[in-house]
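Keep in mind it's a predicted model, so treat the numbers as computed, not measured. We're numbering straight along the sequence, starting at 1.
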Amino acid sequence: LPTSIARYVPGPSVRPLGPVSCVVKALGHTNDKARFDITLTDSRGENVAGIEGLEVFVLPGSREQLAQQALSAEAE
């Protein structure tokens with residue numbers, strides 16, 4: 001569950017060339033939250049845009065739901 005973004009970093013106003021790639025760099029995590037930087041680059045490796053300090057939290061109840069789904073999948 002995304003909760004905050006520290007900063008959006010726009011790239012140059014030039015349109016990206018070809019497909020865009022996404023690189024996600026983990027900055028740190030605990031059991032309940034994680035922080036990331038995200039960089040988008042075009043086929044030339046030029047920076048298209050970025051998000052710095054994306055913070056996400058575990059959705060309440062989601063761990064239990066995932067555990068139940070895993071058990072159901074094993075039973076099949």
Side-chain angles (χ1 to χ4, degrees):
L1 187 61
T3 56
S4 69
I5 296 173
R7 188 165 84 123
Y8 168 72
V9 183
S13 60
V14 178
R15 293 185 65 165
L17 177 66
V20 174
S21 297
C22 176
V23 176
V24 179
K25 178 183 174 186
L27 302 175
H29 66 87
T30 66
N31 284 340
D32 295 321
K33 76 175 183 177
R35 288 182 50 241
F36 303 94
D37 283 346
I38 299 172
T39 304
L40 302 173
T41 57
D42 67 12
S43 60
R44 299 172 297 200
E46 297 291 326
N47 188 15
V48 174
I51 295 174
E52 295 177 349
L54 173 65
E55 191 170 77
V56 297
F57 282 84
V58 173
L59 186 63
S62 62
R63 283 193 181 99
E64 294 80 9
Q65 183 180 13
L66 289 172
Q68 289 175 353
Q69 289 174 348
L71 289 173
S72 296
E74 287 178 6
E76 291 178 0

*Asks:* For Thr30, which residues count as a side chain to side chain contact (heavy atoms under 4.5 Å, CB included) partner, sequence neighbours excluded?
*Replies:*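 Thr30: side chain to side chain contact (heavy atoms under 4.5 Å, CB included) contacts with Asp32, Lys33.
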
*Asks:* My understanding is that only residues two or more places apart in sequence, or in another chain, count here; which of them pass side chain to side chain contact (heavy atoms under 4.5 Å, CB included) with Val24?
*Replies:*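 Partners of Val24 under the side chain to side chain contact (heavy atoms under 4.5 Å, CB included) test: Cys22, Phe36, Ile38.
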
*Asks:* Working to the nearest 0.5 angstrom, can you tell me the gap between Glu52 CD and Ile5 CD1?
*Replies:*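 Output value for this atom pair is 11.0 Å.
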
*Asks:* Only counting residues at least two apart or in another chain, list the ones meeting side chain to side chain contact (heavy atoms under 4.5 Å, CB included) with Glu74.
*Replies:*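 By the side chain to side chain contact (heavy atoms under 4.5 Å, CB included) rule, Glu74 matches Leu71.
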
*Asks:* Mind checking what makes side chain to side chain contact (heavy atoms under 4.5 Å, CB included) contact with Ala6, not counting sequence neighbours?
*Replies:*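 Checked Ala6 against side chain to side chain contact (heavy atoms under 4.5 Å, CB included); zero matches.
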
*Asks:* Under the salt bridge (Lys or Arg N to Asp or Glu O under 4.0 Å) test, which residues partner Asp37, sequence neighbours left out?
*Replies:*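 Asp37 satisfies salt bridge (Lys or Arg N to Asp or Glu O under 4.0 Å) with no residue once adjacent residues are dropped.
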
*Asks:* Nearest 0.5 Å, please: how far is OG in Ser21 from CG in Asp42?
*Replies:*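 Spacing of CG (Asp42) from OG (Ser21) equals 8.5 Å.
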
*Asks:* With rounding to the nearest 0.5 Å, note down the distance linking NZ in Lys25 to CZ in Arg35.
*Replies:*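 The NZ atom of Lys25 sits 10.5 Å away from the CZ atom of Arg35.
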
*Asks:* My understanding is that only residues two or more places apart in sequence, or in another chain, count here; which of them pass salt bridge (Lys or Arg N to Asp or Glu O under 4.0 Å) with Glu46?
*Replies:*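 Not a single residue meets the salt bridge (Lys or Arg N to Asp or Glu O under 4.0 Å) criterion with Glu46.
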
*Asks:* Going by the side-chain contact (heavy atoms from CB on, under 4.5 Å) test, name the single residue among Asn47, Val23, Val9, Val48 that passes it with Leu40.
*Replies:*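 Result: among Asn47, Val23, Val9, Val48, Val48 is the only option passing the side-chain contact (heavy atoms from CB on, under 4.5 Å) with Leu40.
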
*Asks:* Quick check: does any side chain N or O of Ser43 sit under 3.5 Å from a backbone N or O of Leu17, one acting as donor and the other as acceptor?
*Replies:*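 Yes, the answer is positive, given that a donor and an acceptor are paired below the 3.5 Å cut-off.
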
*Asks:* Specify the closest pair of heavy atoms between Ala49 and Tyr8, including all atoms of both residues, with the distance to one decimal.
*Replies:*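 In terms of heavy atoms, the two residues are closest at CB-OH, 3.8 Å.
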
